[in-house]
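Data block below; observations after.
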Amino acid sequence: MEDPNKQPNSGQTAGENKSLNFIEQIIEEDIRTEKYGKRVHTRFPPEPNGYLHIGHAKSICLNFGLSKKYGGKCNLRFDDTNPTKEDTEYVDSIKEDVKWLGFDWDGEYYASDYFETLYEYAVKLIKKGKAYVCDLTQEEIAATRGTVTTAGTLSPFAQRSIDENLDLFARMRKGEFEDGTKVLRARIDMASPNMLLRDPILYRILHAEHHRTGNDWCIYPMYDFAHGQCDSIEHITHSICTLEFEVHRPLYEWFIKELEIYAPQQIEFARLNINYTVMSKRKLLSLVQENVVNSWDDPRMPTICGLRRRGYTPEALQNFAEIISVAKRDNVIDVSLLEHCLREDLNKKAQRVMAVLNPIKLILTNYPENGEELLDAVNNPEDISTGLRKVPFSRELFIDQDDFMEVPQHKFFRLSPGNEVRLKSAYIIRCNDVIKNADGSIKELHCTYDANTRTGLSDSNRKVKGTIHWVSVRHAVEIETRLYDKLFLPENPEDIEEGEDFRSNLNPDSLKITSSFAEPFIKNMKPLDKVQFERVGYFCVDADSTSEKPVLNKTVGLKGSWQKTV
RNA sequence: UGUCCCGUGGUGUAACUGGCAACACGUCUGACUCUGAAUCAGAAGAGUUCAGGUUCGACCCCUGACGGGACAACCA
């Protein structure tokens, strides 16, 4: 019997037995107490100075997911307060990536939309005697800030009168001063144990063209003076951000309090880390700039565009975000979990195709010289509604080198001399002879097929140990296969010897471009289409693909306990 | 040696807010299979960083250690 006094479902979502993550718990508590009425309004606030990566995907899924779950809203806001680093190229790519991931934002905003308001906020602080114009140089400001264990010293300019500050700040805006000669600072506490509270800079002079406001401004707010207020202006309820902004929270709250404006609740979570890769924008940028990879959307990159080109699906990424959940402790997720989510999705969706990556020729000596037939093959056994396709079969075939062993090792149940194996969707064959080249390497395999064992025929359910894939030589389509491996060798790319950096951990074999043979069906595929090369792995048609020469990116291999060389 | 945050199987996340730890990935068995995939069945693996305290009882509360992380850009 249940204790009637026990709170039902506390810590549990109604209807599900999945427990709530710590953010959901806070939100549900806020809804219960009507802290913001019953509103939930989140936002995803990227700076348009680079491409989004899978860490951002976690944040996107979190913010948009929360608003969806609680029937709220989620804005897309670009924190574009530094015109020297930002560009519309990035806002476009960010919007594309968010949409592709499967989300629609309620409002599209820019911190630059609020420049005038932010300026007024600054004036308000000056009028309250809480901000002043400081003429110290960058070096002097750094030197007087103190250290983490010792207090800083007050700027000599902190004593300026309100009127003088008002005048100077207005003239900063007018463009009367050179870059770097003056800044507006908040007057807080030079002795605060929180360095960010030691009279932080609010505005700096930057005679730079902004991607949206052009040359309207020559002073720009610092991120810290913009971010929290933007959330306030948009009436965000829960400002979700990563852990490093935890120390900034007191500053944001100070601004909100002094400005007497709406107060959102900031909640920090641990950013995503995945082993064998790097996630910092700076490092990813260096990989692109130094041509370690070919572009931001190189399929080896953990960028959203890179993953897309690699063959990832939005569903796989969303599910991944769901499974890793969110917490405050530092974490390193095993790539195998990401790949699991990918395979799980692709297994249900991918068109099956046969392709041979390391060909070895096989001749069916008892098959008619010019004989040829079209066999039925299942498009996707996980989804029979996708039906069948025709695969051409003939006397000469390619099979994969891995599927043949002249001297089979224990438990090898593919092809070997004297043994039978099934050709997927075709016949059972037996290997009779191994023909060799002068150097001893295998030239071709001579086999015989059993005509009654064709898929669907009387003897077709005869049991044989193995089934292998194949491609008819005469009908084979030559394709380019780009085989990707992890970008870094050690689990932690930052794990380096003295004097080296993460680049020394790069995997020299992260990309292998090879030529392979596929069944003709591959010609029907368009860029971004996904296929599973049976028994090999999932592949995705690359944008470089042409009808003469299809190009396939290896997305991820199939799981397998036996050793594959692909 | 400052302030703040964090510490649960190999990895990640839970544990109804005090009743001796669950789920997922991974790993290993076995079944099935015209993909050594998928699917199905099962196993191993932590006694919750450590030491005290409160309590009948602590992963959960308190204290202290230890360990990890964040913070001193006119970056975000």
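So that the names make sense, note that chain A is the first sequence line, chain B the second, and so on, each numbered from 1. Hydrogens, waters and symmetry mates play no part in the numbers below; they use all other heavy atoms, side chains included. Everything quoted here is computed from the prediction, not taken from an experiment.
Comparing B:C61 with B:G69, their C1' atoms are spaced 25 Å from each other, to the whole Å. Taking atom P in both B:G12 and B:G26, one finds a spacing of 15 Å when rounded to whole Å. Using C1' as the reference atom, B:U39 and B:U33 are 9 Å apart when rounded to the nearest Å. As rounded to the nearest Å, B:U8 and B:A21 have C1' atoms that lie 8 Å from one another. Using atom P as the reference point in both B:A76 and B:U13, the two lie 30 Å apart (nearest Å).
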With B for base contact, S for sugar-phosphate-only contact and - for none (protein heavy atoms under 4.0 Å), nucleotides 68-76 of chain B reads -SSBBSBSB
Which letters describe nucleotides 33-46 of chain B, given B = protein heavy atom under 4.0 Å from base, S = only from sugar-phosphate, - = neither?
-BBBBS--------
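Residue pairs meeting the salt bridge (Lys or Arg N to Asp or Glu O under 4.0 Å) criterion with at least one partner in residues 218-233 of chain A, sequence neighbours excluded, are A:R43-A:D231, A:R77-A:D231.
Both tests hold for A:R212 against A:Y110: distance to the six-membered ring centre under 6.0 Å, angle to the ring axis within 45°.
Judged as a ring pair (Phe, Tyr, Trp, His ring centres under 6.0 Å), and not counting sequence neighbours, the contacts of A:Y203 are A:F169, A:F225. Checked against side chain to side chain contact (heavy atoms under 4.5 Å, CB included), A:D330 has the following partners two or more places apart in sequence or in another chain: A:L243.
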Show me the dot-bracket string of RNA chain B, counting Watson-Crick or G-U pairs under 3.5 Å, with | for pairs to another strand and [ ] for crossing ones.
.((((((..((((.....[..)))).(((((.......))))).....(((((..]....))))))))))).....
